[in-house]
Each structure stands twice: as structure tokens, then as C-alpha cells.
K.L.:
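Can you keep this structure in mind? I'll have questions shortly.
Only heavy atoms go into these numbers, but all of them, side chains included; no hydrogens, no water, no symmetry mates. Remember, predicted model here, so these are calculated numbers, not experimental data. We name chains A, B, ... by the order of the sequence lines, and we start the count at 1 in each one.
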There are 2 protein chains.
Amino acid sequence: MEGLRKHFEKFIHLTDKEWDAFSCKLQRKQLAARTYLLEQGEVCTFVAFIEKGAFRFFYNRDGEERITAFFFAGDAVSNYRSFLTGLPSEHIIESLQESVFWIIQKKDLYELFNAYPNIDRLGRFIAENLYLTVARRLDSFLFDSPEKRYDDLLRRNSRLLQDVPQFMLASYLGIKPESLSRIRKRKTKKA
Amino acid sequence: MEGLRKHFEKFIHLTDKEWDAFSCKLQRKQLAARTYLLEQGEVCTFVAFIEKGAFRFFYNRDGEERITAFFFAGDAVSNYRSFLTGLPSEHIIESLQESVFWIIQKKDLYELFNAYPNIDRLGRFIAENLYLTVARRLDSFLFDSPEKRYDDLLRRNSRLLQDVPQFMLASYLGIKPESLSRIRKRKTKKA
DNA sequence: CGCACTTCTTAACTTAAGTCAATGTCTGAC
DNA sequence: GTCAGACATTGACTTAAGTTAAGAAGTGCG
């Protein structure tokens, strides 16, 4: 749990009082590998802070899946859209490995937001960070070919490659596993 | 300026005191059509609230352009990435029409954040909203064909079609003008 | 050990976007 | 009115991803 506090320090320093108020609302949870944390159609009423493990955030339409994001230790995971709007989630959150995380309920979080401006601000920082991540990802779809996106992934996010099977990477890149396989083949030929 | 306050009411109610503190930091500006509000390489130190007009937020690489977003009356426009990180902007913000907007400087805004928790929270709401917009857009790139994205644009965002030339729409959809032209042709054949 | 299952690769074919070039179409400036 | 420039369309060709199907490689389980 102290690890979590350290992660927050990247964004903002919470006083002991603020941290106590926050942390006593957290509930520790564990999830086996390949298990749903949030189902499709469910309203997301929580934010989870990952201590250990990995999650994928994906969308299932007519049996086809697309992975919107991966989350790892130190990340906050939630369907933020459903959380904010109160609408049923279109996405599924699934653990990829056995994971440990801390859940805070929306109701509790909003009470903290009201009681502690610093925690509200932490919420802003988290939202801003989410925005930066997804905006960068959007730009990569606007400008780059799947091959370029794969290269960038290799370079920047090697954690993904260790923990995530090929076909999920393909989904994350917005292509089919067959296409990723061909991209990889083209690459070895060049090298 | 009261129009701007009304827009904020969608997110949060500011007291007169809060609004006064905020609004006296705003500077009214005007810009002719097709003029840069932010250059590539410049650090973005402001947020602009649009009263009238339209902007495009785009990226220029080796002479090729991709439009990341459009902004219209009621929207907050900024290079939020550059604003938050202090890094030079990769994107350009350009007015599409003659526009009127209110600028607030980062320094002033951060002072307001510190002095008025409600304004800090408004900042959170704006960041959250930005996130929702860009996350939805990312999903459309993950799942939908350019043709589907164009259809959705027609249905949801007719304002874009009135104010924005074809070749910019293509760029926004992540395709070339020729391809958009062909998509439109396929459409008329079907109908 | 061998079977079943999942993942990854390969191949043949289809589909649609990119590229390049030419031709319309429209608009504003003079 | 005409000319120049920007925008949109069209056509021929290239490129790469999607589709379908088959087989190879790896993994876990009885």
C-alpha cells in the first residue's frame, strides 16, 4: 500500500491526514489470471489501483475484440467513461495475470473529493494523465502505419511484449493476428 | 462572456466570487480565418475558451498533415499536452473561421486552482471531458472502417460538414482526400 | 506419453486505401 | 469576364490489410 502512495507522489504530495482518509476507503482485492474485473453492460462504480499484475481493457462487438488499453502496476484502472457518465460499460476489464489491486468506490471517492481539495486535484492529475496517454495513442493511429506502431511498441513498451500474447498485441495495434505475423516476418527479412 | 459561464454550468456551478476571480484573468481575443493560434515548436501556455468560430488542431510531419481534433464554440482549446508537460508543441492550432475567444494563461489558471478548489475541480471536469472525447475517437479507429467513421461523422457531427472542407475531414478520418471521395461515391451508388 | 487447445505462421485470394496523374469545378482577385 | 489557385473527383496502378483455411509450434492435462 505504501507503494501506491509512492506512485501518487509522482503527481502530488498528500499529507498523512489526506492519505489516511484516502487509504481507509481502499479495499484490497486479488484476482486470478484471465478473470473479469468489469463485465460488459455493468456500470463501473470503482477505480482500481494496481499493485501487482496486468489488465486489458477491451471491447467485444459481435465476437470480435479490440483492446483499447493495457494497465500495469502503478496504473489506475477503471472504465472511466462508465464511471463518469454512469452508463453501462461497453468495455470489459480483464486480468491477464494474477493481480493485486486496491479498489475505491465512486461514492467514497467523491466524498473525498469534496472533503480534500488535494485529493480532488489528484483526480485531475489522473484524468490529465489518462488524456495524455490516449491522445498520444490516437495520434499514432492518425499518422502511423501498423508497422510503425509495432516498432514504437517494441521500442517504448517492452513490458507489453513480455506479458502479452501476440494476438492481443495485434488487437491493440488495431490489426489482425495474421497481419502482425506478416509484419514480423517482413522485419526479420530486412534485418 | 456570460455565454462562457453558461457553458461551465454544464460542469459545475461557480459562485459569483469564483467567476469574478476567473473572468478577470480572461483576455478577449480575435483571430481572422486560417490563422495560427499556436505554432509548431511553441510551448502552449494558455487555454482558450471559444465564444465564436472554429479551430483545427493538427500535426504536420514532412509536409503531411493530420487533424487530431476540431474545436467549436463552447469548447476549451489548447495543446493540453504541451500545456501540461511544458514541452514544445508538435501540433498547430489554427482558426478555420474568424473567431472570438477568451485566453487564460497557465500561470493565472494555476493560481486560481490553488485559491479556488471549485475552479480546480472545473479543471478536472474539463480534463475528464477531453479524455472522454479522445477515448471515443480512439475506439472508432480500433473498430471501425474509414467508411463507418465517415457515416458516424455524418450522423453525429453535422457541424463539421458545414464548416470544414472535404480534405480536412479526410485528414480527421485518417485517410487521403481521394479515399474519402471514393467512399462518398460508393455511398451515392448504394442509395 | 499423447491428446486437446490455443497461439502463431503461412498461403491464396479479396478488398480497400495509398500513389500519381489528369481532369473537373468552384471561387475570388483583378 | 477571365484567370489563377484551391478543392474535389476520377482512373490506373501499387501496396498492405482482411478473409479463409490449413498446418506448425507450444502448453497444459489426463
K.L.:
Closer than 4.0 Å, any side-chain N/O of Ser179(B) to the OP1 or OP2 of dG18(C)?
P.N.:
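Affirmative; the distance criterion is met.
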K.L.:
Please give, in whole Å, the distance from dT9(D) P to Arg182(B) CZ?
P.N.:
12 Å
K.L.:
Using whole Å, what does the distance between atom P of nucleotide dA25(D) and atom CD of Gln166(A) come to?
P.N.:
16 Å
K.L.:
Given the side-chain rings of Phe55(A) and Phe72(A), with only the six-membered ring counted for Trp, is the space between their centroids under 6.0 Å?
P.N.:
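No, they do not, as the ring centres are separated by 6.0 Å or more.
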K.L.:
Enumerate the residues from residues 58-71 of chain A whose closest heavy atom to DNA chain C is under 4.0 Å, giving them by residue number; use none for an empty result.
P.N.:
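None - not one residue of the stretch has a heavy atom sitting under 4.0 Å from the strand.
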K.L.:
Between atom CG in Leu142(B) and atom P in dG18(D), what is the gap in whole Å?
P.N.:
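Answer to the nearest Å: 12 Å.
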K.L.:
What is the distance, to the nearest angstrom, from the CG atom on Asp144(A) to the P atom on dA17(D)?
P.N.:
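Distance, rounded to whole Å: 13 Å.
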K.L.:
Name the closest nucleotide to the Ile175(B) side chain, picking from dC8(C), dG18(C), dC7(D).
P.N.:
dG18(C)
K.L.:
Check Glu51(A) with Arg28(A), please: is the shortest side-chain N to carboxylate O separation under 4.0 Å?
P.N.:
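A salt bridge links Arg28(A) with Glu51(A).
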K.L.:
Whether Glu128(A) and Arg124(A) form a salt bridge (side-chain N of Lys/Arg under 4.0 Å from carboxylate O of Asp/Glu) is what I want to check.
P.N.:
yes
K.L.:
Are Lys176(A) and dT19(D) close enough that a side-chain N or O sits under 4.0 Å from OP1 or OP2?
P.N.:
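So the side-chain polar atoms of Lys176(A) do come within 4.0 Å of the phosphate oxygens OP1 or OP2 of dT19(D), strictly under.
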K.L.:
Rounded to the nearest Å, what distance is computed from the CZ atom of residue Arg186(A) to the P atom of nucleotide dA16(D)?
P.N.:
6 Å
K.L.:
Does Lys187(B) pair with Glu147(B) as a salt bridge, N-O distance under 4.0 Å?
P.N.:
yes
K.L.:
Is the distance from OP1 or OP2 of dT9(C) to the nearest side-chain N or O of Arg184(A) less than 4.0 Å?
P.N.:
yes
K.L.:
In whole Å, what is the span from the CD atom of Glu147(B) to the P atom of dG18(D)?
P.N.:
16 Å
K.L.:
Let's see if you can work this out: which of dA8(D), dT19(C), dC8(C) has an atom nearest to the side-chain heavy atoms of Glu178(B)?
P.N.:
dT19(C)
K.L.:
Is it true that Arg184(B) and Gln166(B) share a donor-acceptor pair across their side chains at a distance under 3.5 Å?
P.N.:
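Checked: Gln166(B)/Arg184(B) side chains pair up, N/O donor to acceptor below 3.5 Å.
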K.L.:
Are Asp144(B) and Arg149(B) within salt-bridge range, i.e. N to O under 4.0 Å?
P.N.:
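Salt bridge between Asp144(B) and Arg149(B), a charged N being under 4.0 Å from a carboxylate O: no.
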K.L.:
Rounded to whole Å, how long is the line connecting atom NZ of Lys148(B) with atom P of dG18(D)?
P.N.:
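After rounding, the reported distance stands at 17 Å.
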K.L.:
Between Glu64(A) and Arg61(A), is there a donor-acceptor pair closer than 3.5 Å when you use the side chain of the first and the backbone of the second?
P.N.:
no
K.L.:
Can you tell me which nucleotide in dT10(C), dG11(D), dC8(C) comes closest to the side chain of Lys185(B)?
P.N.:
dG11(D)
K.L.:
Nearest whole Å is fine: how far is dT9(D) C1' from Leu169(B) CG?
P.N.:
16 Å
